[in-house]
Amino acid sequence: MSSQRISRLISLIVPVLNEQDAIAPFLRRVIPCLEEAARRIGEGGTYEIVFVDDGSTDATLAALSAERRNNSAVKVVVLSRNFGKDAALAAGMNYALGDAVIPIDVDLQDPPEIIPLLVDNWLEGAKIVNALRADRRADTALKRLTARAFYSAYNQMAERPIPAEVGDFRLIDREVIDVLKLLPERARFMKGLVSWVGFPTQEVPVVREKREAG
Ligand code: UDP
Ligand code: MG
């Protein structure tokens, strides 16, 4: 295939708030998955890992700087204070150069082994590939209850509903990112906006895990 000669970059976007102990285990587990995804893209397949430090007050930034010195795929965006996860994701999306962007939590609740599957669906033409939470057993009963109440209220008001099982862990094509960047919203609810813009979407089931550190 001639398209395999075009260089294609995957950007992982990782918002972090006070996660000094989570960063090293995260990278250890995620890098082999990104290597596998790059192999599936073929020649020119590559990746970057964009951490967004969302106003951490522990040694998160020092840990990120050390990782960046060892690995040129690691990029670090530093916010001036804590803005919250959605704002951190938006900052990461503005910075990322990828042809596809994948937001992911650093606590390994989103299993990174799914990344090659997300990329497979993208290579087959999907513009958004959602990781569907098939199973929330690892979340607490309170978290499950509040999540269910939230999605039910949101979906009653929303022009385009979002499935309760979709999190921020998903693959988003560059075309969608560029549309999202045109939206005037400042306080972003990323899950809602990604669904609202409307693009061919695929779904991949995942099981959400327990928080690894912190
Ligand atoms: N996070 C962030 N800013 C915040 C809160 C959280 O960047 O104000 C990051 C956090 O470090 C993690 C991700 O967002 O990588 C998800 O956070 P958490 O695990 O606390 O959320 P939950 O699993 O409850 O959705
Ligand atoms: Mg978590």
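Just follow the structure's listing: the first ligand is 1, and inside any ligand the first atom is 1.
Considering backbone and side-chain atoms together, Pro15 places an N or O closer than 3.5 Å to an N or O of ligand 1.
Taking 4.5 Å as the limit, some side-chain heavy atom of Ile172 sits within range of a side-chain heavy atom of Met93. Val16 is not listed as a side-chain neighbour of Phe26, based on a closest heavy-atom distance of 4.5 Å or more. Side-chain contact between Asp54 and Pro15 is absent, with no heavy-atom pair separated by less than 4.5 Å. For the pair Asn71 and Ile31, the minimum side-chain heavy-atom distance is below 4.5 Å. Contact of the Thr57 side chain with the Asn82 side chain is not registered, since no non-hydrogen atoms from C-beta on lie closer than 4.5 Å. The closest side-chain heavy-atom distance from Val74 to Phe51 is below 4.5 Å.
Taking backbone and side-chain atoms together, Asp105 has no N/O/S atom less than 2.8 Å away from the Mg ion (ligand 2).
Only side-chain heavy atoms of Asp107 come within less than 4.0 Å of ligand 1; its backbone N, CA, C and O stay farther off. At a 4.0 Å heavy-atom cut-off, ligand 1 touches Glu19 through the side chain alone. Heavy atoms of Asn82 found under 4.0 angstrom from ligand 1 belong exclusively to the side chain.
The shortest contact between atom 17 (O) of ligand 1 and any protein heavy atom is with Arg211 NH2, 4.1 Å. For atom 5 (C) of ligand 1, the closest heavy atom belonging to the protein is Leu17 CD2, 3.8 Å. For atom 13 (C) of ligand 1, the closest heavy atom belonging to the protein is Asp105 OD1, 3.5 Å. If you check which protein heavy atom lies closest to atom 23 (O) of ligand 1, you get Gln109 OE1, 2.8 Å. The shortest contact between atom 2 (C) of ligand 1 and any protein heavy atom is with Asp54 OD2, 3.5 Å. Taking atom 14 (O) of ligand 1 as the reference point, the nearest protein heavy-atom neighbour is Lys85 CD, 3.4 Å. From the protein, the heavy atom lying nearest to atom 24 (O) of ligand 1 is Lys143 NZ, 3.2 Å.
A cation-pi geometry, defined here as NZ or CZ lying under 6.0 Å from the six-membered ring centre and within 45° of its normal, holds between Arg81 and Phe83.
Near Val106, the atoms of ligand 1 lying under 4.0 angstrom from a non-hydrogen atom of the residue are 15 (O).
The angle that Asp107 OD2 and Gln109 OE1 make at the Mg ion (ligand 2), rounded to 10°, works out to 100°.
Following chains of ILVMFWY side-chain contacts shorter than 4.5 Å, one can reach Leu89 starting from Val179, so the two form part of one hydrophobic cluster.
Between Glu36 and Arg40 a salt bridge is recorded (basic side-chain N to carboxylate O distance below 4.0 Å).
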